[in-house]
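Here is the structure we will look at.
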Amino acid sequence: MSEIISKTCVDVNGWSVWYEKFGSGPKVVLLIPGAIGTGRTDFKEQLEGEDELDYDKFTLIAVELPGWGRSRPPVRKYGTGVYDNDVHCLHILMKELNYNKYSIIGWSDGANVALRMATKYQQSVESLILVSVYTYVTNVTLKLLMSSQTVNDWNKHKLEAYLRSYESKDVIQQLWTRYIKFIEYFNQYYPESKNAFQSIKCKTL
C-alpha cells in the first residue's frame with residue numbers, strides 16, 4: 001500500500017491547488033489526472049498495488065486541477081484560458097516544492113495540460129507520457145463522453161474513488177455535466193490545438 005509523504009493545498013493567484021506526494025526518489029514525476037479526476041482515481045496502478053512505482057526511485061506529485069476535487073473553491077472556469085491557468089498554477093506549485101526539473105504523466109484532459117506545460121516550460125519538463133490524449137474532439141470522442149454523462153451509471157468502485165475528494169454524487173454530477181458541455185465546444189475554443197505542439201523538445205511517449 002502506498003504511503004503519502006505529504007498532502008496539502010497551495011494557493012496560486014486565487015486558486016487552491018491540492019497535491020499529494022508519494023515517495024522520495026530522485027526522479028520527480030508530476031501526475032496530472034483527467035477531468036474532475038484525482039491521483040487515486042486516475043493513477044491507482046502507479047500509486048498502489050503490485051505495479052506501483054518504486055518510491056525509492058521516484059517522487060510522485062499527484063495533483064487535482066484548479067476547480068476540481070479538493071482544489072476548490074472556486075469552481076473551474078471554462079473558456080480559452082482554462083488550460084493556461086492550469087499550466088501556470090502547476091508550474092508555480094512545482095517551483096514552491098523546489099522541483100525545477102521533472103517529468104509528467106498526463107491522463108486525458110490532464111494530458112492536454114501536460115502538452116502545454118512541455119511547450120511553455122521546456123526548461124523544466126524533462127520527459128512526457130501522454131495517456132488517452134486528444135487535441136481535438138471527434139464525434140466518436142463526444143459520443144463516448146455522452147454515454148458517461150449520468151454519474152449513477154458509473155462503476156461503483158470508480159464512483160467511490162471520486163467521493164474521496166467530493167462531497168456528494170450531486171456535486172460530481174454537476175461538475176461532470178459542466179465538463180461535457182465544455183467538450184462540446186472544445187474545437188471552437190481551440191481550433192488550432194492539434195498543430196500547436198510541434199515545438200516540444202523533450203522525450204515523449
Side-chain angles (χ1 to χ4, degrees), residues 1-4 6-12 14-22 30-49 51-52 60-79 81-83 85-87 89-90 93 105-114 130-134 137-190:
M1 177 66 77
S2 60
E3 181 179 352
I4 298 174
S6 62
K7 57 182 179 179
T8 191
C9 265
V10 173
D11 291 328
V12 182
W15 291 93
S16 296
V17 183
W18 173 273
Y19 76 91
E20 294 179 337
K21 177 182 175 182
F22 302 81
L30 174 62
L31 304 178
I32 310 178
I36 80 167
T38 71
R40 298 289 188 174
T41 59
D42 293 3
F43 298 104
K44 188 170 187 264
E45 290 78 9
Q46 289 79 26
L47 295 176
E48 60 184 59
D51 295 323
E52 70 182 31
L60 307 175
I61 305 298
V63 298
E64 295 173 18
L65 288 172
W68 286 333
R70 287 163 287 191
S71 297
R72 295 171 298 137
V75 172
R76 194 166 178 82
K77 296 177 182 177
Y78 290 107
V82 64
Y83 293 128
N85 186 61
D86 292 336
V87 166
C89 287
L90 295 186
L93 169 67
I105 304 176
W107 161 258
S108 191
D109 210 49
N112 264 310
V113 180
L130 308 172
V131 186
S132 295
V133 65
Y134 58 89
V137 175
T138 66
N139 290 334
V140 173
T141 303
L142 190 56
K143 184 177 179 180
L144 286 171
L145 270 176
M146 294 300 289
S147 71
S148 70
Q149 63 182 323
T150 302
V151 167
N152 281 328
D153 294 337
W154 288 8
N155 174 279
K156 176 185 175 182
H157 298 296
K158 174 182 176 180
L159 187 55
E160 286 175 352
Y162 280 94
L163 285 169
R164 293 185 184 185
S165 300
Y166 291 98
E167 306 89 297
S168 67
K169 286 194 294 184
D170 288 341
V171 170
I172 296 172
Q173 182 67 73
Q174 291 165 12
L175 293 174
W176 187 245
T177 299
R178 292 183 73 241
Y179 172 71
I180 290 179
K181 180 60 67 175
F182 164 67
I183 292 301
E184 288 183 46
Y185 292 94
F186 183 92
N187 294 341
Q188 293 171 246
Y189 284 134
Y190 305 105

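To the nearest 0.5 Å, the span separating CG on L163 from NZ on K169 amounts to 8.0 Å. Considering CG of D11 and CG of L93, their distance stands at 11.0 Å, rounded to 0.5 Å. Rounding to the nearest 0.5 angstrom, the gap separating the CG atom in N155 from the CD atom in E160 is 8.5 Å. Atom-to-atom distance recorded for Q149:CD and M146:CE is 4.0 Å, nearest 0.5 angstrom. Between atom CD1 of residue I105 and atom CD of residue Q46 there is a gap of 5.5 Å, rounded to the nearest 0.5 Å. To the nearest 0.5 Å, the span separating CD on Q173 from OG1 on T150 amounts to 6.0 Å.
Here the side chains of R72 and E167 are in contact, with some heavy-atom distance below 4.5 Å. Side-chain contact check for V12 versus L90: every heavy-atom pair is 4.5 Å or farther apart. Put simply, the side chain of W154 reaches to within 4.5 Å of the side chain of I172, judged on heavy atoms. Counting heavy atoms from C-beta outward, Y166 and Q174 have side chains that stay 4.5 Å or more apart.
A donor-acceptor pair is defined here as one N or O able to donate and one able to accept, closer than 3.5 Å; no such pair exists between the side chain of S132 and the backbone of W107. Side-chain atoms of R178 come within 3.5 Å of backbone atoms of R76 as a donor-acceptor pair (strictly under, hydrogens ignored). Without hydrogens or angle criteria, D153 side chain to S148 main chain gives no donor-acceptor distance under 3.5 Å. With hydrogens and angles ignored, the 3.5 Å screen pairs no side-chain donor or acceptor of Y19 with any backbone N or O of A62. A distance-only check finds no donor-acceptor pair linking the side chain of E20 to the backbone of T8 [under 3.5 Å]. A side-chain donor-acceptor contact under 3.5 Å links D42 to the backbone of G34. Between the side chain of S71 and the backbone N or O of E64, at least one donor-acceptor pair lies under 3.5 Å.
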| field | Y162/W176 under side chain to side chain contact (heavy atoms under 4.5 Å, CB included): CA gap, chis, key distance, verdict | value | CA-CA 11 Å; Y162 280 94; W176 187 245; 5.8 Å; no
| request: Under the side chain to side chain contact (heavy atoms under 4.5 Å, CB included) rule, what do I32 and D86 come out as? Steps first, then yes or no, please. | output: CA-CA 10 Å; I32 310 178; D86 292 336; over 6 Å; no
| request: Tell me, with the steps shown, if R40 and E48 meet salt bridge (charged side-chain N to carboxylate O under 4.0 Å, His left out). | output: CA-CA 9 Å; R40 298 289 188 174; E48 60 184 59; 2.6 Å; yes
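Scanning all heavy atoms of the two residues, the minimum distance from G39 to L47 falls at O-CD1, 3.6 Å. Residues D109 and A35 share a closest heavy-atom pair of CB-N, 3.7 Å. C9 approaches W18 most closely through the heavy-atom pair SG-CE3, 3.6 Å. Across W15 and V75, no two heavy atoms sit closer than the pair CH2-O, 3.6 Å. Pairing each heavy atom of T38 with each of S165, the nearest pair is CG2-OG, 3.2 Å. The two residues A111 and G106 have their closest heavy-atom pair at CB-O, 3.5 Å.
By the 30° and 60° cut-offs, the orientation of the rings of Y179 relative to F182 is tilted. Relative orientation of the Y78 and W68 rings is tilted, given thresholds of 30° and 60° on the angle between their planes.
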